[in-house]
K.L.:
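Below you'll find the structure I mean.
Since we're looking at a predicted model, the values are computed, not measured. One is the number of the first residue; the rest follow in order along the sequence.
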Amino acid sequence: MEDISNMLAMKRWRRIRSTSSLWATFIRNKYCVRSHFGSKKIAPGNSHAWSHILKMRDIAENHIVWQVNSGSSNFWWDNCSLNGPLEKLFPDNPRNSKLLVREFISDGQWNTNKLKELLPDQLVQQIQIIPIGIKTRKINFFGLSRIMASSQTIVHGISYGDQKNFNKYRLKQQITCSIEAAVNKAYPNSGLKLPWNSFCDTLTRLRPGYKSFVVRWLKPDMGWVMLNTDGSFLQREGKASLGGTVRDEYGDIIMAFSTPATAQNHNIAEAQAALCGLNWCKQNGFSQVILELDSLYIIEILRKDGDTNYKLSHIVNKIKDTINMLNIQIKHCYREANQLADSLAKRAVELQQSSHFESSHQLPRQAKGLYLLDK
């Protein structure tokens, strides 16, 4: 998979260098406005994708040769011969990095005198044998040919691993086996098998499983009371509040509370709300209590036998002590089934006043509507 990832990064580099697609234009304008592609270095703020492309750049550039046509390629950075870019051959030579090849062409021929001003005679002779082509070009990339109208031609030869030429069938098999292993792990009963045609057909038919059910508040069994609690925390204002209800087997309100609190985060507010409701049940003689929360995090902490979160430990320990004294069941509910407790908690954080209600008639208007929906 690493070889495939590197190969794709080199293909992206080829697109940046040779195409005018929307993505390639965006990348060029973002990273290469003031400098040439070859001179770019990996910077801390670069994206992961761009950094990976730059890592593969030198490998890709070694297999890219620009055919000279109208001379719009860069004289120092674009490889127009088999020897590599001139910048790599003469790293210490003072130069104009924006110098174009066309400045060394006169009447369709190389201008020898200008070349000798910058390069040694031996290299000038090598450049003179480089043909100057026409504007129509042919690109070879992984065996695919395209005819394109442009002023430059880029010829590709990409190696796979340490091989100059690689077996495309072997590459396809590796990709297929990797996908097959991943899909069979996610969908054990999918029966995904080769060959490729049936493989793709099976893959397109796979759909995630959906399960739907009604989410609503449920009444407790006879002899039990249901305690629903919720905590609210506004980080910007640093305000927290608690809300909760105690209801009997008929769904009638026995007690409801809405009170401000002091907490450092939402989880602490959730735990404080549960402790507040359990303490009321213990003080008023309710020994069979179902504690229902919409916070899986708090439920998991309460069910753990080991150490808990440090900031929550003193609250959790008090809750566990109360659980050991009473017959308490802990259940998780979805937020939609806990809207009444949530409404009471939000009311307290907005009004910053404490309220206790002993019947449904005393509930605020919004909370009363949610209570009737649960009923």
K.L.:
Honestly curious: do I315 and L291 fall in one hydrophobic cluster under the side-chain, below-4.5 Å linking rule?
P.N.:
yes
K.L.:
For the pair S241 (side chain) and A345 (backbone), establish whether a donor and an acceptor sit closer than 3.5 Å, ignoring hydrogens and angles.
P.N.:
yes
K.L.:
Work out which heavy atom in Q272 is nearest to a heavy atom in A261; give both atom names and the distance.
P.N.:
OE1-CB, 3.6 Å
K.L.:
Contact between D294 and D342 at the side-chain level, heavy atoms closer than 4.5 Å - yes or no?
P.N.:
no
K.L.:
Around atom CG of L296, are there more than 12 heavy atoms of other residues, nucleotides or ligands at under 6.0 Å?
P.N.:
yes
K.L.:
What's the shortest heavy-atom distance between N228 and R247, and which atoms?
P.N.:
OD1-NH2, 3.8 Å
K.L.:
Could you walk me through whether Y297 and E270 pass side-chain contact (heavy atoms from CB on, under 4.5 Å), step by step?
P.N.:
CA-CA 10 Å; Y297 179 74; E270 290 274 3; over 6 Å; no
K.L.:
So if you build clusters from Ile, Leu, Val, Met, Phe, Trp, Tyr with side-chain heavy-atom gaps below 4.5 Å, do L218 and I290 land together?
P.N.:
no
K.L.:
Which atom pairs, donor and acceptor, lie under 3.5 Å between side-chain atoms of residues 274-288 and protein residues at least two apart or in another chain?
P.N.:
residue, atom, partner, partner atom, Å
N279, ND2, L275, O, 3.3
N284, ND2, W280, O, 2.7
Q288, NE2, G223, O, 3.2

K.L.:
Grab the two heavy atoms, one from G243 and one from A273, that are nearest each other, plus how far apart they are.
P.N.:
O-CB, 4.2 Å
K.L.:
Can you confirm whether more than 12 heavy atoms, excluding those of K331, are under 6.0 Å from its NZ atom?
P.N.:
no
K.L.:
Work out which heavy atom in A348 is nearest to a heavy atom in P260; give both atom names and the distance.
P.N.:
CB-N, 3.9 Å
K.L.:
Can you establish whether the number of heavy atoms outside Q352 located under 6.0 Å from its atom CD is more than 12?
P.N.:
yes
K.L.:
Going hydrophobic residue to hydrophobic residue with side-chain gaps under 4.5 angstrom, can you get from W224 over to I323?
P.N.:
no
K.L.:
Please round to the nearest 0.5 Å and tell me the distance separating atom NZ of K375 and atom OH of Y250.
P.N.:
10.0 Å
K.L.:
Can you measure from CG (L363) to NE2 (H361) and round to the nearest 0.5 angstrom?
P.N.:
9.5 Å
K.L.:
Should I328 and L293 be regarded as members of a common hydrophobic cluster, given that ILVMFWY residues are connected when their side-chain heavy atoms come within less than 4.5 Å of each other, either directly or indirectly?
P.N.:
yes
K.L.:
Take N6 and H52, measure what side-chain contact (heavy atoms from CB on, under 4.5 Å) needs, and give me the verdict at the end.
P.N.:
CA-CA 8 Å; N6 292 339; H52 189 202; 3.0 Å; yes
K.L.:
Please report the closest heavy-atom contact between L242 and A269, naming both atoms and the distance.
P.N.:
CD2-O, 3.3 Å
K.L.:
Could you measure the distance from the OG atom of S359 to the CD1 atom of I254? Nearest 0.5 Å is fine.
P.N.:
12.0 Å
K.L.:
Compute the centroid of each ring, for Y371 and then for F357, and state whether the two points are separated by less than 6.0 Å.
P.N.:
no
K.L.:
Is it possible for you to say whether L344 and L227 belong to one hydrophobic cluster, with membership spreading through side-chain heavy-atom contacts below 4.5 Å?
P.N.:
no
K.L.:
For the residue pair C333 and A337, what are the closest heavy atoms and their distance?
P.N.:
CB-CB, 4.3 Å
K.L.:
Go through it in stages, so that I can follow the logic: the residues are I298 and N267, the test is side-chain contact (heavy atoms from CB on, under 4.5 Å), and I'd like the CA-CA distance, side-chain angles, deciding distance and then a yes or no.
P.N.:
CA-CA 7 Å; I298 298 299; N267 291 325; 4.2 Å; yes
K.L.:
Say you draw a straight line from CD of Q362 to NE2 of H356; how long is it, rounded to the nearest 0.5 Å?
P.N.:
11.5 Å
K.L.:
With rounding to the nearest 0.5 Å, note down the distance linking CD1 in I319 to CG in L302.
P.N.:
5.0 Å
K.L.:
Just wondering, more than 12 heavy atoms not from Q366 lying within 6.0 Å of its CD?
P.N.:
no
K.L.:
Nearest 0.5 Å please: distance from the CE atom of M222 over to the CG atom of D248.
P.N.:
9.0 Å
K.L.:
For S354, enumerate each residue passing the side-chain hydrogen bond (donor to acceptor under 3.5 Å, both in side chains) test, keeping only those at least two apart in sequence or located in another chain.
P.N.:
T259
K.L.:
Consider side-chain contact (heavy atoms from CB on, under 4.5 Å). Of L373, T245, L372, which one does L340 pass it with?
P.N.:
T245
K.L.:
Donor-acceptor pair, R347 side chain versus P364 backbone, under 3.5 Å?
P.N.:
no
K.L.:
Are there over 12 heavy-atom neighbours, none belonging to E237, within less than 6.0 Å of that residue's CD?
P.N.:
yes
K.L.:
Using the side-chain contact (heavy atoms from CB on, under 4.5 Å) rule, take Q339 and E336 through it: C-alpha gap first, then chi angles, then the decisive distance, then the call.
P.N.:
CA-CA 6 Å; Q339 292 187 69; E336 292 80 3; 4.3 Å; yes
K.L.:
Verify the neighbour count for atom NZ of K346: are there more than 12 heavy atoms of other residues, nucleotides or ligands below 6.0 Å?
P.N.:
no
K.L.:
If you measure from the Lys or Arg side-chain nitrogens to the Asp or Glu carboxylate oxygens, is any gap between D374 and K219 under 4.0 Å?
P.N.:
no
